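Remarks on the structure that follows.
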Amino acid sequence: WYPSAKNLGPHGYMLRVKGKSMYAPGEKYSFPEGMLLHVNPSMEPVPGQFVIVRRNGSQEATFKRYIMIDGEPYLEAINPNWPEKYLKLLPGDDWCGVVVDASMNSLP
């Protein structure tokens, strides 16, 4: 177990960014590969927050920004060059938590 300075709730966890869909150099938010995400799975996500979602029963989760487009929920990749910028949330997608902090600290 590793400590976090943020409130992650009783079942909070941390994970590392994999891939480049959330890497946006020069922007306010950018999450390079290897960055640690501090996740609170008890929080109810609201549009604009960064979230972890398991897609349609898959064993892998995705990290994206939760947004609304024309009243419909989507996941947004913030990398301006990412080919799949928007993913529509679908039945069967599971919320795994809200990212409450990110850091470049290294784990053993």
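Predicted model, so just to flag it, every value in this text is computed and none were measured.
The side-chain heavy atoms of Met104 and Pro32, taken from C-beta on, include a pair separated by under 4.5 Å. Between Pro41 and Cys96, the closest side-chain pair of non-hydrogen atoms is not below 4.5 Å. Using a 4.5 Å cut-off on side-chain heavy atoms (C-beta onward), Val51 and Pro45 make contact. The shortest distance between side-chain heavy atoms of Val100 and Leu8 falls below 4.5 Å. At a threshold of 4.5 Å between non-hydrogen side-chain atoms, the residues Arg55 and Thr62 count as touching. Ile52 is listed as a side-chain neighbour of Leu37, based on a closest heavy-atom distance under 4.5 Å.
For Lys18, there are no salt bridge (charged side-chain N to carboxylate O under 4.0 Å, His left out) partners two or more places apart in sequence or in a different chain. In this structure, Asn40 has no side-chain hydrogen bond (donor to acceptor under 3.5 Å, both in side chains) partners at least two apart in sequence or on a different chain. Looking at residues two or more places apart in sequence or on another chain, you find a side-chain contact (heavy atoms from CB on, under 4.5 Å) between Asp94 and Arg54.
The CG atom of Leu75 lies 4.0 Å from the CG atom of Leu89; values are rounded to the nearest 0.5 Å. Distance check, rounded to the nearest 0.5 Å: NZ of Lys64 to CD of Glu84 gives 8.5 Å.
The nearest pair of heavy atoms linking Arg16 to Gly34 is NH1-O, 2.6 Å. Among all heavy-atom pairs drawn from Pro10 and Ser42, the shortest one is CD-OG, 4.1 Å. Contact record, Asp93 with Leu90: OD2-N, 2.8 Å, taken as the closest heavy-atom pair.
Leu87 and Ile67 fall into different hydrophobic clusters, where Ile, Leu, Val, Met, Phe, Trp and Tyr side chains are chained together by heavy-atom contacts under 4.5 Å. Grouping the Ile, Leu, Val, Met, Phe, Trp and Tyr side chains by contacts below 4.5 angstrom, directly or via other members, places Met43 apart from Val46. Tyr23 and Tyr29 are not part of a single hydrophobic cluster, where members link through side-chain heavy atoms under 4.5 Å apart.
Among residue pairs with one or both ends in residues 58-89, those qualifying as ring-ring contact (aromatic ring centres under 6.0 Å, His included) are Phe31-Phe63, Tyr66-Trp95; sequence neighbours excluded. A salt bridge (Lys or Arg N to Asp or Glu O under 4.0 Å) check over residues 69-78, counting only residues at least two apart or in different chains, returns the pairs Arg65-Glu76, Glu72-Lys88, Glu76-Lys85. Within the structure, salt bridge (Lys or Arg N to Asp or Glu O under 4.0 Å) pairs that include any residue of residues 23-51 do not occur (at least two apart or interchain).
Under the 3.5 Å distance criterion, with hydrogens and angles disregarded, a donor-acceptor pair is assigned to the side chains of Ser103 and His38.
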Apply side-chain contact (heavy atoms from CB on, under 4.5 Å) to residues Val98 and Phe50 and explain how you reach the verdict.
CA-CA 6 Å; Val98 173; Phe50 295 98; over 6 Å; no
